[in-house]
Amino acid sequence: MDLSRRTAPPSSVAPRAVTDADIPAEAPPAKRLEAMLRWAVQAPSVLNTQPWRFRIDGDAVSVFVDQDRVLATVDPEGREAAVSCGAALFTLRLAARHYGETIDVELAGPGDEPGLVGTLRLTGHAPPTASEETLFRAVKARHTNRAPYADLAVPVGLLARLRGAAEAEGARLHILTGDSDKAALADLVGRAIRAQSDYESLEEIGRWARGAGDDRPDGVADVPWGGWGRMGHLHADPRFAVGEARTLVAGAPALLVVATDADDRAAWARAGAALQHVLVLGAAHGLAASYFNQPIEVDELRPEVSAVAGGGYAQVVFRLGTPVEAPGTPRRPVGEVLVYEAG
Ligand SMILES: Cc1cc2nc3c(=O)[nH]c(=O)nc-3n(C[C@H](O)[C@H](O)[C@H](O)COP(=O)(O)O)c2cc1C
C-alpha cells in the first residue's frame, strides 16, 4: 500500500488543542473515526517520531507502522515503533468509547499486510462506563515528565491496579521495588547509554532533537540545560548522562517494565496498549512517567533487563511518580503551630 499518496490534508486543529466539541454529532463513520484519530495521535512514541499511519475503510480504521519513521539504527526491527502504534490504537479505543461507539479490535498476525498493527471497527452504540471516561479524561493529562519526582511511594493498591491494566491488554507489568533490582536496572541503563554513544546512534537520535526555534511537530525538545532525556548525551560526556539516569532510576518511586510472552508485532502492539493503559490510569491518579528504554534497544542488554525484571520479553522500561510542578513555598514545622490541651 502506498500510504504517502493518500495523506489527508493537514487538519486545521492542532492535536494538542483537541476538545470534545471537535467531533461532528451525526457524521458518517469515516468522519467520526477521523475525529477520534485526533485523540489517537496524543499517544506517546519513541523520540516522538509518531511512527503511525491510519487508513480508514468504511466503518473501520487500520493502524500501520510508518516505515519512514522507524529508527533504523536504534530500533532496526521497528519494535518500539510498533509499541508506539499499539499505544495509539489503545488511545483510539478510549476515544471511540468516549463517543459512545462500541468497537471490535483485531491485532495483525504474521500473514497480514506489511506494517499493519491492528484494525478497529465500529460496531454499534453504548454509553461509556465511568472507568472508561476516567481513562479517556487522562489522555490529555498524560505527558512525559523527565524531572525528579516527589519522594512519595506509589500506593500498593494502585500498583496492583496498574498491573491489572497491563494484564487486561495481554502483557505483564513487572514492578521493581527492591533497592538491588533498581540498582541492577540503573546499571543496565548506564551501560546502554555508553553503548549508544557511537556515531550512528547519536546522529539518528540527534535528527529527532528539536532545538530552540525549531517548530517541527515531532521530535523531542533538546534541552542543553539538563534534565535527563534522550538528548543529554548528545552534548556532554556520556558519563554525566549515565550519572543522572542512574540517580533517577535507582531513586524512582516505582520502576516498571512492560513485558510480553512473545516478541512479534502483535506482542509489541499489546505492549503499547499496556503501556498507555498503565500511563493513563496513572495520570488519572496524578502520576507522571518517564522512560529509560536504552537497554531494550541494545541487543546484548535486553535479555538482562528481562531477567532483572522477572521474565518475558522486556519491551518498555519506565518510572512513575508524583510530579513536582513547582518548587513550592516554605512551611513552618508542625511543632511551631501545635499545642496540646493541658490535662
Ligand atoms: C516505546 C517508547 C520508548 C520511549 N523511550 C524513551 C526513552 O528511552 N527516553 C525518554 O526520555 N523518552 C522515551 N519515550 C518517551 C517519548 O520521548 C515521548 O513519548 C514523546 O517525546 C512524546 O512526548 P509525550 O509522552 O509527552 O507525549 C519513549 C516512548 C515510547 C512509546
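Worth knowing before you read on, the calculation uses all heavy atoms, side chains too, and leaves out hydrogens, waters and symmetry mates. Every number for a ligand or one of its atoms is a count from 1 in the order of the listing. Along the sequence shown, the residues carry numbers beginning at 1.
The salt bridge (Lys or Arg N to Asp or Glu O under 4.0 Å) search around R163 returns none, not counting sequence neighbours.
L120 is connected to F54 through a chain of hydrophobic side-chain contacts under 4.5 Å among Ile, Leu, Val, Met, Phe, Trp and Tyr, so both are in one cluster.
A donor-acceptor pair shorter than 3.5 Å cannot be found between the side chains of T91 and R93. No hydrogens or angles considered: nothing links the side chains of S201 and T73 as a donor-acceptor pair under 3.5 Å.
Each of the following atoms of ligand 1 lies closer than 4.0 Å to a heavy atom of R142: 24 (P), 25 (O), 27 (O). Residue N293 approaches ligand 1 through these ligand atoms, each under 4.0 Å from one of its heavy atoms: 3 (C), 5 (N), 7 (C), 8 (O). Per-residue contacts place P44 under 4.0 angstrom from the following atoms of ligand 1 (heavy atoms of the residue considered): 19 (O), 25 (O), 31 (C). Applying the 4.0 Å criterion to heavy atoms of S84 picks out, from ligand 1, the atoms 31 (C). When each atom of ligand 1 is checked for a heavy atom of H143 under 4.0 Å away, the hits are 26 (O). Remark: ligand 1 atoms within the under-4.0 Å shell around heavy atoms of V220 are 17 (O), 21 (O). For ligand 1, the atoms closer than 4.0 angstrom to any heavy atom of E80 are 3 (C). With ligand atoms numbered from 1 in the order given, ligand 1 contributes 16 (C), 17 (O), 18 (C), 19 (O), 20 (C), 29 (C), 30 (C), 31 (C) to contacts under 4.0 Å with heavy atoms of S45.
With a heavy-atom cut-off of 4.0 Å, R146 touches ligand 1 through its side chain alone.
One N or O on the side chain of S45 and one on the backbone of Q50 form a donor-acceptor pair closer than 3.5 Å.
Considering backbone and side-chain N/O atoms, Q42 never comes within less than 3.5 Å of an N/O atom of ligand 1.
Figure legend: cation-pi geometry between R32 and Y99 absent, as NZ or CZ is not positioned both under 6.0 Å from the six-membered ring centre and within 45° of its axis.
Of the candidates L279, V46, D218, N145, V46 brings a heavy atom nearest to atom 2 (C) of ligand 1.
Pairs passing the side chain to side chain donor-acceptor pair (under 3.5 Å) check and including a residue from residues 254-271, sequence neighbours excluded, read R172-D261, T260-Q315, D263-W268, D263-R302, D263-Q315.
Checked against E132 for a side chain to side chain contact (heavy atoms under 4.5 Å, CB included), the options R137, R97, H98 give a single hit: R97.
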